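We're numbering straight along the sequence, starting at 1. Computed from heavy atoms alone, side chains included, the values below leave out hydrogens, waters and symmetry copies. Predicted model only: the values in this text are computed from it and were never measured.
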Amino acid sequence: MLNLASETSREWVRRASSRIGDVLLDHAHCEKKAAGAAVRMLFRYPEHGFLQYPMTELAREELAHFQRVLTLLETRAIAFGRQKPSAYGGRLRQLVRAEEPHQLVDLLLVSALIEARSCERFRLLSETLEDGELVRMYSDLLGCEARHHHTYVELAQQLAPPGNVRQRLGELARREAEILEIPSAQVRLHS
C-alpha cells in the first residue's frame with residue numbers, strides 16, 4: 001500500500017510519454033536529490049542511531065539509480081545539466097512542522113510520499129511506454145521505490161505512535177494530492 005490520496009491522471013501519462021527525454025532528465029535529478037536527502041538526514045540526526053543504517057542504504061541505492069539513469073541519458077545523447085526544480089518538492093517541504101520530533105517525522109513522511117508517487121508513476125510508465133529499455137528500467141525500479149516508501153514510514157513510527165504517524169501521513173497525502181492538481185507547464189515525474 002502506497003498511502004497516496006490520489007491517482008495520477010491519464011493526461012500526465014500521455015504528456016510524460018510524449019516528452020520522455022524531459023522525464024528522464026528529471027528522473028536523474030530526482031534520484032540525485034533522494035540520495036542527498038538521505039545523506040542530509042545522516043548528518044542532521046546523528047543522535048538517532050536507528051536512522052543511520054537505513055539512510056546509508058537508501059543513499060547508496062538512490063545513487064545507483066542516479067548512475068543508471070545517467071548512463072541511459074548518455075546512450076540517448078540527452079545532456080545532463082542543471083534543471084530548474086519543480087515546485088512539487090518545495091511545496092511538500094512547506095508542510096513540514098518546525099519543532100522536533102515532528103519535523104523529523106514529517107521529513108520522513110514527505111520522503112515516503114515522494115517515493116510512493118515515483119513508484120506509482122514508474123508503474124504507469126512501464127505499462128505505457130513501448131521502448132523496451134525504459135519499460136525494463138521502470139519495472140526494475142518499482143520494488144525499490146515501494147520499499148523506500150515503507151522504510152520511511154517505518155522509521156517515522158520509531159519516533160511517534162503508529163496511529164499518529166498514519167494520521168499525519170493521511171494529512172500529508174491529501175495535501176500532496178492537492179499539490180499535484182496545480183497546473184504545470186513542465187513535464188516532470190512529480191508535476
Side-chain angles (χ1 to χ4, degrees), residues 1-9 12 26-66 83-124 141-182 184 188-191:
M1 171 132 182
L2 292 176
N3 300 296
L4 295 172
S6 69
E7 292 182 10
T8 292
S9 70
W12 180 87
D26 185 54
H27 182 180
H29 281 280
C30 287
E31 297 291 0
K32 186 175 66 160
K33 286 185 263 187
V39 170
R40 277 190 301 281
M41 282 190 209
L42 283 171
F43 282 95
R44 188 170 175 185
Y45 296 102
E47 69 277 13
H48 293 303
F50 68 92
L51 284 177
Q52 303 307 302
Y53 182 75
M55 289 297 103
T56 301
E57 288 301 310
L58 268 161
R60 279 191 189 127
E61 213 165 10
E62 299 290 14
L63 283 173
H65 297 168
F66 170 65
Q83 183 185 54
K84 182 180 177 189
S86 73
Y88 174 84
R91 288 178 177 140
L92 281 175
R93 282 189 296 281
Q94 290 174 354
L95 304 175
V96 173
R97 296 171 287 186
E99 68 282 348
E100 294 292 357
H102 303 299
Q103 185 175 56
L104 178 53
V105 168
D106 285 359
L107 287 170
L108 292 166
L109 295 180
V110 162
S111 294
L113 289 169
I114 293 169
E115 296 288 341
R117 187 60 68 186
S118 295
C119 182
E120 181 217 21
R121 291 191 169 180
F122 289 176
R123 180 186 55 79
L124 291 169
L141 295 178
L142 282 171
C144 293
E145 301 299 307
R147 185 170 28 80
H148 294 171
H149 166 73
H150 292 296
T151 296
Y152 280 119
V153 173
E154 289 168 1
L155 291 170
Q157 290 175 342
Q158 292 193 44
L159 291 163
N164 293 3
V165 170
R166 281 191 301 277
Q167 180 181 359
R168 182 62 178 159
L169 182 57
E171 293 167 6
L172 291 170
R174 287 187 292 281
R175 297 294 301 277
E176 187 263 357
E178 292 169 5
I179 289 167
L180 285 179
E181 289 296 315
I182 300 168
S184 172
R188 302 288 181 84
L189 274 177
H190 305 103
S191 64

Point-to-point distance, once rounded to the nearest 0.5 Å, from [atom1] of [X] to [atom2] of [Y]:
X      : Y      : atom1 : atom2 : value
Leu63  : Leu58  : CG    : CG    : 11.0 Å
Ile182 : Ser86  : CD1   : OG    : 11.0 Å
Leu180 : Leu4   : CG    : CG    : 9.0 Å
Leu159 : Leu104 : CG    : CG    : 5.0 Å
Tyr152 : Leu169 : OH    : CG    : 14.0 Å
Asp26  : Lys84  : CG    : NZ    : 13.0 Å

Whether over 12 other heavy atoms sit under 6.0 Å from Glu7 CD: no

side-chain contact (heavy atoms from CB on, under 4.5 Å) between Arg121 and Glu145, intermediate numbers included: CA-CA 10 Å; Arg121 291 191 169 180; Glu145 301 299 307; over 6 Å; no

With the side chain counted from C-beta on, respond yes when [X] and [Y] share a heavy-atom pair under 4.5 Å apart, and no when they do not.
X      : Y      : result
Arg123 : Cys119 : no
Ile114 : Val110 : yes
Gln157 : Val153 : yes

Option among Arg174, Glu176, Arg117, Glu178 that satisfies the side-chain hydrogen bond (donor to acceptor under 3.5 Å, both in side chains) test with Ser6: Arg117

His148 side chain to Ser111 side chain, donor-acceptor N/O pair below 3.5 angstrom: no

Stepwise side-chain contact (heavy atoms from CB on, under 4.5 Å) check, Val105 with Arg97: CA-CA 9 Å; Val105 168; Arg97 296 171 287 186; 4.2 Å; yes

Backbone N/O of Glu171 and side chain of Arg175: donor-acceptor pair under 3.5 Å: no

Side chain Glu120, main chain Thr8, donor-acceptor under 3.5 Å: yes

In residues 31-51, what donor-acceptor pairs under 3.5 Å come from side-chain atoms, sequence neighbours left out?
| from | atom 1 | to | atom 2 | distance (Å) |
| --- | --- | --- | --- | --- |
| Glu31 | OE2 | His27 | NE2 | 2.8 |
| Arg40 | NH1 | Gly36 | O | 3.4 |
| Arg44 | NH2 | Gln103 | OE1 | 2.5 |
| Tyr45 | OH | Glu100 | OE2 | 2.5 |

Worked verdict on His150 versus Arg147 for side-chain contact (heavy atoms from CB on, under 4.5 Å): CA-CA 5 Å; His150 292 296; Arg147 185 170 28 80; 5.9 Å; no

Considering non-hydrogen atoms only, spot the tightest contact between [X] and [Y] and give its length.
X      : Y      : answer
Ala112 : His149 : O-ND1, 2.8 Å
Asn3   : Ala173 : O-CB, 3.3 Å
Ala116 : Leu2   : CB-O, 3.3 Å
Thr151 : Pro54  : CG2-CB, 4.2 Å

Side chain to side chain contact (heavy atoms under 4.5 Å, CB included) involving Ser191 - partner list, sequence neighbours excluded: Trp12, Ser184, Arg188

side-chain contact (heavy atoms from CB on, under 4.5 Å) assessment of Leu95 paired with Leu172: CA-CA 8 Å; Leu95 304 175; Leu172 291 170; 3.8 Å; yes

